[in-house]
Amino acid sequence: MAIRLYNSLSGEKEVFKPLEPGVVKMYSCGPTVYNYFHIGNARAFVVFDMVRRYLRYRGYQVKFVQNFTDVDDKLIKRANELETTVDQVAGQYIDAYFSDASALGIEQADVHPRVTETMNDIISFVSGLIDAGYAYVAEGDVLFDTSKFQGYGKLSKQSLAELQTGSRIEVTDLKQNATDFTLWKTAKPGEPWWDSPWGRGRPGWHIECSAMIHKHLGEHIDIHGGGHDLLFPHHENEIAQSEALLGEPLARYFMHNGYININNEKMSKSLGNSIFVHELVKRYDSRALRLFLLSAQYRSPINYSDEVMGQMVAAIRRIDSCCDSLSAKMEMLYLPEGTPFDSSKWEERLVEAMDDDMNTGDAIGILFDFVRDSNSYLHEGNIDREGLHDRYEKLKSWLQLFGLEKKSSEFPEEDVTKMIEERAQARIGRDFAKADAIRAKLLERGIHLEDTAQGVRWWRE
RNA sequence: GGCGCCAUAGCCAAGUGGUAAGGCCAAGGUCUGCAAAACCUUCAUUCCCCGGUUCGAAUCCGGGUGGCGCCUCCA
């Protein structure tokens, strides 16, 4: 069985075969750190985190790089608004990225390069393009000459002629063709700058990724990812830069995730409906948000709403409940040892779903099938230690694969424990009025109690 | 104008030629001091519409209709 991935280059699902057997080099476009990231950004981060986890799950050694754009127009604008420096703004939102991403179960990449730390490599990349005849200098700016690169448009499947006629790109006097794009930009007064052979300035947007990929992963990589909106022009331009200088291919597979709508509307600044993960993780169990982001296959558009989030919270509770029940039963004394549980059929189903272009919608369906099956097993009562253990381990390994494992940081507060104990005593004395009063009191604080054969279980909303 | 995507129940979502997974919601039942959780049962004769191919189509082909994205910073 082989993994198949939809490759934006071909527009088809292709059998995944890395350049070097067993090793995957992967790059995904990270955030411009001028603000907290919103759920649209989050989808891309979660999707490629999931891709990375699954490739590892299937035995690949994955080297994953995701950048931070820490100098650009938006950052400069933001720094001016706040009357502070670009460095300060970038630093603040990089910290915020790591904390919000971690809440979403997104693992850190192997390298998180920053533009400001890659300046020498960017400058020599641009120099190389000029020397090779693919770029020209115009009044301190450096531009890529799209007419010189034969493959321009192969990712977006646009011909140069069409792009130029339909173009809304700002045509300046500096550009030889409307589709030419900036590699290096002269600094205006008050803007951050770096010395270069073309004067003081800073990199254009696209060049950083080409330079970073080259620096950290080499001349060719296996997977390049990002949101669908990056397909053109960003990734098209990266291909042009990298392949002009280094030869084909920049990446063997380009993967693009779909959009998120908010209440069936496009999320956009002008509608003022952007939703930031930084705020959302305060309202919901962050695993519910991650589950939402993985609930559909990554290329489908998904729609965010409070109703859907409510469904996700319920779904997470169903998983936790199954996990808790399995582990609670294992604590029982006098369990027969039994025989190992054969989970290979389940595993086959999951792998088949995920191998098919990371079909998390299907895979999560299978996860819930397994939850139901495990609950039935528990319900029948004919349980044994091996059966419980093996099911528990299977469930755990799947939750880890999806990044949905429960964090064990929730310790009961002392007074909660005390009240639960008090209620247990009341129940033993058959003082149900008192027991129910305590339960109601805890519920007001969002704490739900469940009486089980193994004692009281509780969870927080 | 060019390139591309999508349409499956109240909500979400799998299913790409063999007769509709799964989750949430809802109804009935079992269990429970009562709840909750869990389990069992029920919940789309039907997959936007119209043609066609086929023994057979949600799935393939043609034509509609309705949404959407990119071509400008953008996940």
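Every heavy atom of this structure was used, including side-chain atoms; hydrogens, water molecules and symmetry mates were not. In what follows, chains are A, B, ... by sequence order, proteins preceding strands, each numbered from 1.
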Give a yes/no on whether any side-chain N or O of Arg372(A) is located under 4.0 angstrom from OP1 or OP2 of C40(B). yes

Considering only C12(B), A75(B), C71(B), which nucleotide approaches the side chain of Asn303(A) most closely? C12(B)

Rounded to the Å, how far apart are Arg457(A) CZ and U32(B) P? 17 Å

Ignoring backbone atoms, test whether Tyr377(A) places a side-chain nitrogen or oxygen under 4.0 Å from the OP1 or OP2 oxygen of C39(B). no

Nearest-Å distance, CG (Asp451(A)) to C1' (G33(B))? 10 Å

Taking G33(B), A75(B), C3(B) as options, the one with an atom nearest any side-chain atom of Ala435(A) is G33(B)

Taking OP1 and OP2 of G2(B), is either one under 4.0 Å from a side-chain nitrogen or oxygen of Ser159(A)? no

Return the value, rounded to whole Å, for the distance between atom OH of Tyr304(A) and atom C1' of A75(B). 17 Å

Should we count CG of Asp415(A) as having more than 12 external heavy atoms under 6.0 Å? yes

The side chain of Ala44(A) lies closest to which of these nucleotides: A75(B), G22(B), A14(B)? A75(B)

Could you tell me whether Arg391(A) sits above the aromatic face of Phe341(A), with NZ or CZ closer than 6.0 angstrom to the six-membered ring centre and within 45 degrees of the axis? yes

Asp436(A), nearest nucleotide to its side chain (from A13(B), C34(B), C39(B)): C34(B)

Please determine whether a side-chain nitrogen or oxygen atom of Arg318(A) lies at a distance below 4.0 Å from atom OP1 or OP2 of A38(B). yes

d(OH, Tyr6(A); C1', C5(B)) in whole Å: 8 Å

Record whether the side chain of Arg299(A) comes under 3.5 Å of the base of C5(B) through a donor-acceptor pair of N or O atoms. no

Could you please name the option among C70(B), A75(B), C34(B) that lies closest to any side-chain atom of Gln158(A)? C70(B)

What nucleic acid atoms does His38(A) come within less than 4.0 Å of, heavy atoms only: base, sugar-phosphate, or nothing? base

Using the P atom as the reference point in each nucleotide, state the distance between G10(B) and U46(B) in Å, no decimals. 13 Å

OH of Tyr34(A) to CG of Leu82(A), rounded to nearest 0.5 Å, is 13.0 Å

If each of Phe45(A) and Arg427(A) is mapped to the nucleotide of RNA chain B with the nearest heavy atom, which maps nearer the 5' terminus, i.e. the 5' end? Arg427(A)

Kindly point out which of G2(B), A75(B), G15(B) is positioned nearest to the side chain of Ile260(A)? A75(B)

Can you check whether Asn359(A) has a side-chain N or O nearer than 4.0 Å to OP1 or OP2 of G15(B)? yes

Any side-chain N or O of Asn375(A) less than 4.0 Å from the OP1 or OP2 oxygen of C39(B)? yes

Candidates C70(B), C34(B), A13(B) - which lies nearest the side chain of Ile302(A): A13(B)

Going by centres under 5.5 angstrom and planes under 30 degrees, do the aromatic ring of Phe432(A) and the base ring of G33(B) stack? yes

Could you state the interatomic distance from CD (Glu348(A)) to OG (Ser343(A)), rounded to the nearest 0.5 Å? 10.0 Å

Please determine, for the side chain of Leu230(A), which listed nucleotide (A75(B), A14(B), C70(B)) has the closest atom? A75(B)

Shortest side-chain distance from Ser376(A), nucleotide among C12(B), A14(B), C40(B): C40(B)

Without decimals, in angstroms, what is the distance between Tyr152(A) OH and C3(B) P? 17 Å

So, does Lys266(A) get its side chain near the phosphate of C70(B), meaning an N or O under 4.0 Å from OP1 or OP2? yes

Side chain of Asp369(A), heavy atoms from C-beta onward: which of C39(B), A21(B), C70(B) has the nearest atom to it? A21(B)

Within this structure, what is the CG-to-P distance between Leu231(A) and C5(B), rounded to whole angstrom? 12 Å

What's Ile39(A) touching, base or sugar-phosphate or nothing? Going by heavy atoms closer than 4.0 Å. nothing

Would you indicate whether Gln150(A), at its atom CD, is surrounded by more than 12 heavy atoms from other residues, nucleotides or ligands within a distance under 6.0 Å? no

Crowding at NZ, Lys282(A) (>12 non-hydrogen neighbours, <6.0 Å): yes

Check the distance between G22(B)'s P and Phe292(A)'s CZ and give it to me in whole angstrom. 22 Å

Scan every strand shown for a Watson-Crick or G-U wobble partner of C3(B), both distances under 3.5 Å, and answer none if you come up empty. G69(B)

Does Phe368(A) have Arg318(A) sitting over its ring (NZ/CZ under 6.0 Å from centre, angle to axis within 45°)? no

Which part of the nucleic acid does Gly153(A) contact within heavy-atom distance under 4.0 Å: base, sugar-phosphate only, or nothing? nothing

Pick the C1' atom in C12(B) and in A26(B), then give their distance to the nearest Å. 16 Å

